[in-house]
Amino acid sequence: MEQSAKQFKIHLPGLLKVLAENLYSTPKVAIRELLQNAHDSCVRRSVEEKNRFHRPHVDISIDSEARTLTIQDNGSGLTEDEVNEYLSTIGRSYTQQLGENLAVLSPEMAEQLIGQFGLGFLSAFLIASEVTLTTRSIKPDSPTLQWYSAGDIHYDVKVVDEAPTGTQVTLKVKPAVSYLLNEHILAETVQHYADFLPVPVHVGGSSVAVNTITPPWEAHDAQFATREYIARKFGVEHPLHIIMLKDHEVSVGFDSYTVPLRGFLYIPPGSIASIQEYGDLTVYIRRMFICDEQRDLLPAWARFVRGVIDCPQLQPTASREEIRREDTFELVQQALERQLTDALQHLAQNDHTTWKQIVRGHRDVIMGWAAKNSDFFEKIADIVTFRTTRGQLSLPEYLKITGETIYYVTHDMDTKQERMLGEGFGVPVIDASRFSEPTFLVKYADFRPSVRLVQLDSGTNRFMHAAQEDEFAPLLEYFRSKNIRVQAVSFKPETLPAVMMYPKDAEFIRDAQEALDSGEIPGPFAGMVGAYLTNMRVDEDALAGTLYLNVSNAFIQTLAKSENEDKRHAALDVIYHMARLLAGRLLDTQQINDLFQVTTRSLDRLIQ
Amino acid sequence: MTRRYVDIDGWFSDFRYHAQMAGDTQREHLANLDYQIWDMQAKTPELALELCEKGIRLSQQLLEPCLELFYGYRAAEILLFYLMRTKLALDYATNLVTRASQQQYEQCPIRARIFITLIWAYSAFNMLGYEEEIWDMIAYMEGEIPLDSDTHQRLQGLRALLYLLANNYRQAEEEALKYLEMSAGSIYREMSAYEMLAKILYRSGDEERAMEYAILCEQKAQETRSLIHRVAAQLWQALFYRKRGDEVEAQRLFRRGVSQFSVLGVEKSGGYYDQLCRFYEAGKEYEKSLAIRDEQISKLQNTIDNEDALFDAYRKRCIVLKLMSKLRLADILLACDAAMNIRHSEKHLTRLAEIEHPASEPPLY
């Protein structure tokens, strides 16, 4: 066979079907695309006509009986050549060419143009079985042209009666998307995609534009407008902080250039009642909505931040529903991280109240990231607050009280015991019961080498000092005779006669043992859990708890000297059970009930 | 008889649906939390862990015990597969199994996942040392515990790994192919099966087919957007290209794999170290491989999280030293020392003896 140059054949209906149905995620983007074209046409007219009285606008109307939807603009319209070259050539972008032309006449206006791929008009067939476009160019002596296609390989162009300058696109709406023949839905769609389009869009002949037009960051009082916008759009009435974004200067060698960046970031309040995780942005390009819940632009640690940005240099994908990851994407990431970090640093230094609210409200993500990222850690280490027995304190505030030692527990400080022991020495105790908190404290101790860490719930209590047993032998012997582990120690507060201490994993060990004994843990898993317990090398006696008698307590001293054995024993029973209650661990309701019964009987003996 | 599976997705969807219908934003959020955890676990596992903890607390607050177990299980998975905190994961998983065994959790759809997490924890901790127990647990789960489809597939995958551990490549391949078949329709599991097959076939000496599976694994990893598996697949391919003599392609894939790993927030696993060292050893860059092993050992000595990881690293260090003809008794003794306190150390030491023998070829790993 001889070699010859041939051409690809295109099955247009099939291509239209693939592009229209698979490129876009929702049929509503057709409205967006047509609005975009209308906007670009208005921009062109503004540049070419230079008529300061021209008021661009877009009107959307529906005819429910005819099942048509019409989008009309008073932009520049199209000539016959333009209709043939751009309208009917897939992949040939009218706007891109227009932009190149306008770049000479008016670079600012050229920057406003949105379309670029030459696919936008195609999207009309996503929702329409037939498309009729009527257009009259602003160029002198231009006829009014009507272009028609039913979505197959053919289209018609003819001259029709004169119409106003601009373009009217009428879509014969497919039955499957007839819900679009609804003014309310159309208005919502316009507000979703084109809320900030700088051309008013009217729906159903309304005199009021349905779009906001001016984004809040360009309003006269940008802060106020942004706050209102956040309340309306995101349902957040009182954001903790708002950061207005600004252009980002980039240095490349000896040159520098600007990445234009508009919009805002905000920090929502966080609370256990309405936990939300954020770290996402709504992205606009040239005031046209691209996507929301974009999570890759903000730094990974900024999960407590949300925002809206508009950056004309970000590049959308062909469907214009996502952002391409390329150089500008990274620059915008850097800009956002920089501006966010600077704003938080400023807050931390100048507005402690707000900073504490932020850290408190979004503590988990802030702590989690700080434990991993040393740079971020250094920025917040002295600022983040911890739950202590004296309320929320930052570590520097805490260390001022304790003198370079951090006392903490790793289980929830529901019981008062550690609090009392710590406070007895005049030190608050930190509740570090969440995942990242112990790691954070260890990292802090590395960060500040003079700081010492003392974990209070590791089994032994650091606040106790061993005491001579001789004087208290009768008391100790009584408990030992009842197989209660007991030690004589001294600790503060001296008002406490005794405390009960259990090993850290006592609850788990008890539950596991009970589950094993009752046969609840199935099959070989029982063996694994049993082996695990064995490997823990649990001191069975210690599991039942150790009673620490406080020899500094006046009543204990009195008891030690008391010769009335019966009353002494009754008093010791009460002290023992009080200590168990104070510890609050390993007690179920039945045991608490029994405890009160025994205590009542002991008290009865005491008063007789 | 066709097995009936527990429908965890359905359970979650129902929970979410009812929350939405009731306008219960807290429960809706509780159900949606897992999406964010999933999103974050590879890049910022610490934050993902924080979210798990949030899920646990919110579940407690809303009195949803099954969801509390669910987020506990997710936390254990993150500890195990992304943070490489195996000991902590084991502690956690044991705790969860104890709770999940209680009567009140009998109807929880998530029970099987709790149990398999314990199996995985022991597999990561010391698979050789707990080999018999792991087999028993797999058999028990398949016979006695209502499974969801994903857990059943993973149990099958574990079977393949156990045979691989025993150097029974034929059986390992058979089980892995069964895993692949069972996983049809689950892109994530298919990806995992392909990766497993790449490793098995490499070990059995069939590098051509191993390469095919590595490529398939990468394709699936792109679909699932799992960067961690993409890295693994690329490093496998880099190895095979190198062994074929295509150094350009080998270097390209190797650099890409390493560079992509660097953007992840996960800790380097033993498997990752192995992939780096295999690549270097295939190109006779033994010094580089040795440096990697020394780095691995240094990290493991500071925080011993796996029972046999340190021994395994020393053993593989002996392999590279043997390749360099520099293996000394002192190196062997270091490895023996690391085996001292691990369960069934005799099994581990047998593998060391295979390297030690002067006439033996260094084994593939």
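As a basis for the values below, the full set of heavy atoms in this structure was taken, side chains included, without hydrogen atoms, waters or symmetry mates. Reminder, nothing fancy here: chain letters follow the sequence lines and each chain counts from 1.
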(message) For B:Glu53 versus A:Ser433, what's the shortest heavy-atom pair and its separation?
(response) OE2-O, 3.9 Å
(request) Could you tell me whether B:Gln222 atom CD has more than 12 heavy atoms of other residues or ligands within 6.0 Å of it? (result) yes
(request) Check each atom of B:Leu49 against the heavy atoms of chain A and say whether the ones under 4.5 Å are side chain, backbone, both or neither. (result) both
(request) Nearest 0.5 Å please: distance from the CE atom of A:Met528 over to the CE atom of B:Met137. (result) 4.0 Å
(message) Using only non-hydrogen atoms and a strict under-4.5 angstrom cutoff, which residues of residues 439-446 of chain A touch chain B?
(response) none
(message) Rounded to the nearest 0.5 Å, what separates atom CG in A:Asp505 from atom CG in B:Asn95?
(response) 8.0 Å
(message) For the CD atom of B:Gln102 and the CD1 atom of A:Ile521, what is their distance to the nearest 0.5 Å?
(response) 8.5 Å
(request) Would you give the length of the straight line joining atom CZ of A:Phe508 to atom OH of B:Tyr92, rounded to the nearest 0.5 angstrom? (result) 12.5 Å
(message) Counting heavy-atom pairs closer than 4.5 Å to chain A, which one of B:Leu88, B:Ile145, B:Thr44 comes out on top?
(response) B:Thr44
(message) Between B:Tyr122 and chain A, with a heavy-atom cut-off of 4.5 Å, which part of the residue counts as in contact: side chain, backbone, both or neither?
(response) side chain
(message) For A:Phe525 and B:Tyr140, take the angle between the two ring planes, folded into 0 to 90°, and tell me which bin it lands in: parallel under 30, tilted 30 to 60, perpendicular over 60.
(response) perpendicular
(message) Measuring from atom CD of B:Glu50 to atom CZ of A:Arg434, what distance do you get when rounded to the nearest 0.5 angstrom?
(response) 8.5 Å
(message) Please identify which of these residues, B:Thr94, B:Asp91, B:Thr98, meets the side-chain hydrogen bond (donor to acceptor under 3.5 Å, both in side chains) condition with A:Tyr532.
(response) B:Asp91
(request) Could you have a look at A:Ser436, A:Pro524, A:Ala515 and say which one has the most heavy-atom pairs with chain B under 4.5 angstrom? (result) A:Pro524
(request) Working to the nearest 0.5 Å, report the span between CG of B:Asp39 and CZ of A:Arg303. (result) 6.5 Å
(request) Take A:Arg295 and B:Gln36, measure what side-chain contact (heavy atoms from CB on, under 4.5 Å) needs, and give me the verdict at the end. (result) CA-CA 10 Å; A:Arg295 287 185 178 273; B:Gln36 299 191 46; 3.8 Å; yes
(message) Tell me whether the count of non-hydrogen atoms from other residues, nucleotides or ligands lying under 6.0 Å of CG in B:Asn341 goes above 12.
(response) no
(message) So for atom CZ, which belongs to A:Arg232, do other residues, nucleotides or ligands contribute more than 12 heavy atoms lying within a distance under 6.0 Å?
(response) yes
(message) Less than 4.5 Å to any heavy atom of chain B: does that hold for the side chain of A:Ala512, its backbone, both, or neither?
(response) both
(message) Counting only non-hydrogen atoms closer than 4.5 Å, does B:Ala75 touch chain A with its backbone (N, CA, C, O), its side chain (CB onward), both, or neither?
(response) side chain
(message) Tell me whether B:Gln103 at atom CD has more than 12 heavy atoms from other residues, nucleotides or ligands lying less than 6.0 Å away.
(response) no
